[in-house]
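The structure under discussion appears below in the form of structure tokens.
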2 protein chains.
Amino acid sequence: MAPSRIAQTALYQEVAERLRLRIFAHEILPGTRIDEQALTADYGISRTPLREALKVLAAEGLVTLVPRRGCFVTEISEQDLDEIFPLMALLEGRCAFEATRRAKAADIADIEAIHQQLEEFAANRQIERFFEANQAFHYRVQAISGNRWLKQVVQDLRKVLKLTRLFSLSAEGRLIQSLTEHRALLAAIKSGDAGLAQTVMHDHILAGRQAVARTHATDES
Amino acid sequence: MAPSRIAQTALYQEVAERLRLRIFAHEILPGTRIDEQALTADYGISRTPLREALKVLAAEGLVTLVPRRGCFVTEISEQDLDEIFPLMALLEGRCAFEATRRAKAADIADIEAIHQQLEEFAANRQIERFFEANQAFHYRVQAISGNRWLKQVVQDLRKVLKLTRLFSLSAEGRLIQSLTEHRALLAAIKSGDAGLAQTVMHDHILAGRQAVARTHATDES
DNA sequence: GCGAATAATACTGTATCCATAATTATGTTT
DNA sequence: AAACATAATTATGGATACAGTATTATTCGC
């Protein structure tokens, strides 16, 4: 059997991914209307795959489809943040709990390597890369937890959080604190204390909410 | 501002809903391929809105889109159930917790009325209606919890659970036990003991997993 | 001059059409 | 007779065309 290439991605998937990146990069701001015709001209495609891509993004909550009115990038309110962060704290706490119980030696080595990157990027004040390594760390913990559905839900919610411009901005002022929390998290996982890992992760996420709130206050003034 | 008719549903939404109902009714079994052309002929529509509807269902996890191969109703494995139920227990537990803290007198009256229906349908062995009232009860608790995102996540996961034929089958043998658990749940919420409500709901969901497992065992033999 | 109504324009929603890839059937060869 | 290869048919993916509605602009009336 020839190693058939596994599921060549369809055009609408590529378009969805490109739009995701543009939305996450805040190139298209929340509240903005997405002009189908303009995008088809921009990407050099027809409206069919674009519209299908928008349906996918709508299901993810990144855009809102208003019948006969068009497609708008979802706006996240302060209340949404107050609802999503505690939920994320609950879910990622569970991830940490399960990951701690299931982690093999190789898994520990993995997240330790990622944590080492965090230490370096923090020391060198490489905020962007720190942000990425941070995501990789959380992603890895979710994977180790071994619950596909838990991972999926967490990642979907994280996508929504990334809509907030303040979310990425807030990372900067929180670099040292975040690093400290990650040290405690890694220690908890390595010690095998699942309950502790859960608590540390939970509080780590909630601290993220506080940082966004502070950034918001600074931003407004 | 005239009371503009609020978002007349687009055709793809109606089609998505009709397909959802057919899938939940196990009229289209998991693993089955969905023939686009046959459905367009059946519904008397063109392929465009149907394809958009399928993208939506795919995002919900009800169907799986394989590029160049077609669309298949998602098959849920035993492992999926082992992953989803504990997650639901965690989330619905949180719903019960928050709902207990936030419930006003009118909310209590609401769920008490729904519970009363449960009692009646159980007494009359009206399984189908019991199943519906049960859903309404959980739905109401989620609404009272006041967290839109929590509610959304729980409802998305429940949709996936409804793919399982055993899920509805298992309800029958569990009628009495389920009713007993609901009595305890209602009592906990009315007493205002959020922690207790959380625990009771958590265990109630996990008991549902056990029932599915038992049904599965019976089904196999 | 301002407001309301009507017309024109533009964009969303749906249908049809074409191309490409996958599957199935038939024929040939071993 | 069975297996493999090739050809034909069918269905999916993408593009284009058409219809209906919403928005905006212009004109008419007050």
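All values below were derived from every heavy atom in this structure, side-chain atoms included, with hydrogens, water molecules and symmetry-related copies excluded. Every chain is numbered from 1 and lettered A, B, ... according to where its sequence line falls, protein lines coming before strand lines.
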(message) If the condition is side-chain contact (heavy atoms from CB on, under 4.5 Å), which residues does B/Pro49 pass it with, not counting sequence neighbours?
(response) B/Leu11, B/Tyr12, B/Ile45, B/Ser46
(message) Please report the distance, rounded to the nearest Å, between CD in B/Gln13 and P in C/dG13.
(response) 9 Å
(message) Quick check on contacts: within residues 52-61 of chain A, what sits under 4.0 Å from DNA chain D by heavy-atom distance?
(response) none
Every protein N/O lying under 3.5 Å from an N/O of nucleotides 10-12 of chain D:
| unit_1 | atom_1 | unit_2 | atom_2 | d |
| --- | --- | --- | --- | --- |
| D/dA11 | OP2 | B/Gln37 | NE2 | 2.6 |
| D/dA11 | O3' | B/Arg33 | NH2 | 3.1 |
| D/dT12 | OP1 | B/Arg33 | NH2 | 2.5 |
| D/dT12 | O2 | B/Arg68 | NH1 | 2.7 |

(message) What is the separation between atom CG on A/Leu50 and atom C1' on C/dG13, rounded to the nearest whole Å?
(response) 14 Å
(request) State which residues pass salt bridge (Lys or Arg N to Asp or Glu O under 4.0 Å) with B/Arg47; sequence neighbours excluded, sorted by chain then number. (result) B/Glu36
(request) Give the rounded distance in Å between these two atoms: CG of A/Leu65 and P of C/dT12. (result) 10 Å
(message) Check the phosphate of C/dA15 against B/Ser46, side-chain N and O only, distance under 4.0 Å to OP1 or OP2. Yes or no?
(response) yes
(request) Check side-chain contact (heavy atoms from CB on, under 4.5 Å) between B/Arg101 and all other residues, then give those that pass, not counting sequence neighbours. (result) B/Phe97, B/Ala194
(request) Kindly write out the residues that satisfy ring pair (Phe, Tyr, Trp, His ring centres under 6.0 Å) with B/Phe167, not counting sequence neighbours, or none if the list is empty. (result) none
(message) Tell me if the CD atom of A/Gln135 is crowded by more than 12 foreign heavy atoms within 6.0 Å.
(response) yes
(message) Listing request: all ring-ring contact (aromatic ring centres under 6.0 Å, His included) pairs with a residue in residues 134-156 of chain A, at least two apart in sequence or in separate chains.
(response) A/Phe137-A/His182, A/His138-A/His182, A/His138-A/His204
(request) If a pair satisfies salt bridge (charged side-chain N to carboxylate O under 4.0 Å, His left out) and one of its residues is in residues 131-141 of chain A, list it, with sequence neighbours excluded. (result) A/Asp107-A/Arg140, A/Asp110-A/Arg140
(message) What is the distance, to the nearest angstrom, from the CG atom on A/Leu11 to the P atom on C/dA19?
(response) 18 Å
(request) Would you please name every residue forming a side-chain contact (heavy atoms from CB on, under 4.5 Å) with A/Arg18, sequence neighbours left out? (result) A/Tyr43
